[in-house]
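Below is one structure, written out as structure tokens; comments come after it.
Fair warning: this is a prediction, and the values are worked out from it, not measured in the lab.
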Amino acid sequence: MDIYGSLAAFALIVGVLTVTPGLDTALILRTSLLIDRRSAWAVVLGIQAGTLMWGLLTAAGLSALLAASALAYETLRWAGVVYLVWMGGLMLWRSRRGGAGEVAAPDQPKSRAWWPTFRRGLLTNALNPKVGAFYVAVLPQFMPDDVPHAAMGVMLAAVHVCEGLLWSALLIGFAGLLRGWLHRPSVKRALDRLTGLIVIGFGLRLAVQRQP
């Protein structure tokens with residue numbers, strides 16, 4: 001398989017994964033609906049930075065530790081569990097106060113409002129060992145023999161990131177059509193609670209899964 005064939009086949013596989021509803025989709029929609037478009041894009045960029053990080057680590061051979069070392073995998077897995085349960089619990093707690101609790105004050109610098117949501121997206125992917133395990137298992141199958149693996153790994157990760165950005169743009173655009181109606185306090189509380197439960201659910205599912 002040549003470079004173009006590898007990129008096309010990989011794009012098909014990760015395209016299906018990208019549009020499958022999951023934690024990333026829930027976070028993007030929740031941020032877009034309850035906060036604003038800028039914060040939603042911060043989450044998106046954080047998620048894609050995490051994806052690119054895993055691609056680079058796989059290309060460098062470092063994420064193979066997750067497949068070879070049970071201790072490394074379990075450490076990262078439980079860090080992800082704690083983070084997801086904490087984040088979901090925080091959403092539930094904030095919803096009790098009558099709102100999402102994350103909208104920046106009028107005089108708050110935009111950079112400060114942008115960073116927490118970017119960090120949330122980044123940590124959600126960076127602390128998910130399943131993403132690393134996926135890259136370790138899948139990327140080698142799309143590495144042509146005559147192409148440097150590091151460069152090919154970066155290109156494959158870039159394909160994943162581009163598809164993620166396109167899908168996220170559709171999600172944010174869709175959320176923008178509903179934002180006016182969904183900004184009612186009762187609806188915002190319900191959305192925050194639903195997203196919090198989804199996030200906790202993903203954390204608990206990660207807790208019961210074992211190293212593949």
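- Counting only heavy atoms from C-beta outward, the side chains of I47 and I28 approach each other to under 4.5 Å.
- Separating the CG atom in L29 from the CG atom in D24 is a distance of 11.0 Å, to the nearest 0.5 Å.
- No side-chain heavy atom of T124 sits less than 4.5 Å from a side-chain heavy atom of N128.
- Side chains of L170 and F174 form no contact here, defined as non-hydrogen atoms less than 4.5 Å apart.
- Scanning both residues, G50 and L122, for their nearest heavy atoms gives N-CD1, 3.7 Å.
- Using a 4.5 Å cut-off on side-chain heavy atoms (C-beta onward), L23 and L84 make contact.
- Residues L166 and V43 are members of separate hydrophobic clusters, defined by side-chain heavy-atom contacts under 4.5 angstrom among Ile, Leu, Val, Met, Phe, Trp and Tyr.
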Test side chain to side chain contact (heavy atoms under 4.5 Å, CB included) on I200 and L92 and set out the steps.
CA-CA 10 Å; I200 291 174; L92 293 177; 3.7 Å; yes

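- Minimum interatomic distance between A40 and I172 (heavy atoms only, all atoms of both residues): CB-CD1, 3.9 Å.
- The two residues S6 and P144 have their closest heavy-atom pair at OG-CG, 3.6 Å.
- Side-chain contact check for M152 versus F142: every heavy-atom pair is 4.5 Å or farther apart.
- At least one donor-acceptor pair under 3.5 Å links the side chain of S168 to the backbone N or O of G164.
- Within the 4.5 Å cutoff, the side chain of L156 has heavy atoms near those of the L7 side chain.
- Nearest heavy-atom pair, Q48 versus H160, reported as atom, atom and distance to 0.1 Å: OE1-O, 4.1 Å.
- Between the side chain of W54 and the backbone N or O of N125, at least one donor-acceptor pair lies under 3.5 Å.
- Screening V19, T51, T18 against E163 for a side-chain contact (heavy atoms from CB on, under 4.5 Å) leaves a single residue, T18.
- Interatomic distance, CH2 of W167 versus OG1 of T20, reported as 9.0 Å (0.5 Å rounding).
- For the pair F134/L17, a side-chain contact is recorded, criterion being any heavy-atom separation below 4.5 Å from C-beta on.
- You'll find the side chain of V82 stays beyond 4.5 Å of the side chain of L127, heavy atoms only.
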For the pair V199 and L27, evaluate side chain to side chain contact (heavy atoms under 4.5 Å, CB included) and give the outcome as yes or no after the intermediate values.
CA-CA 8 Å; V199 172; L27 287 178; 4.2 Å; yes

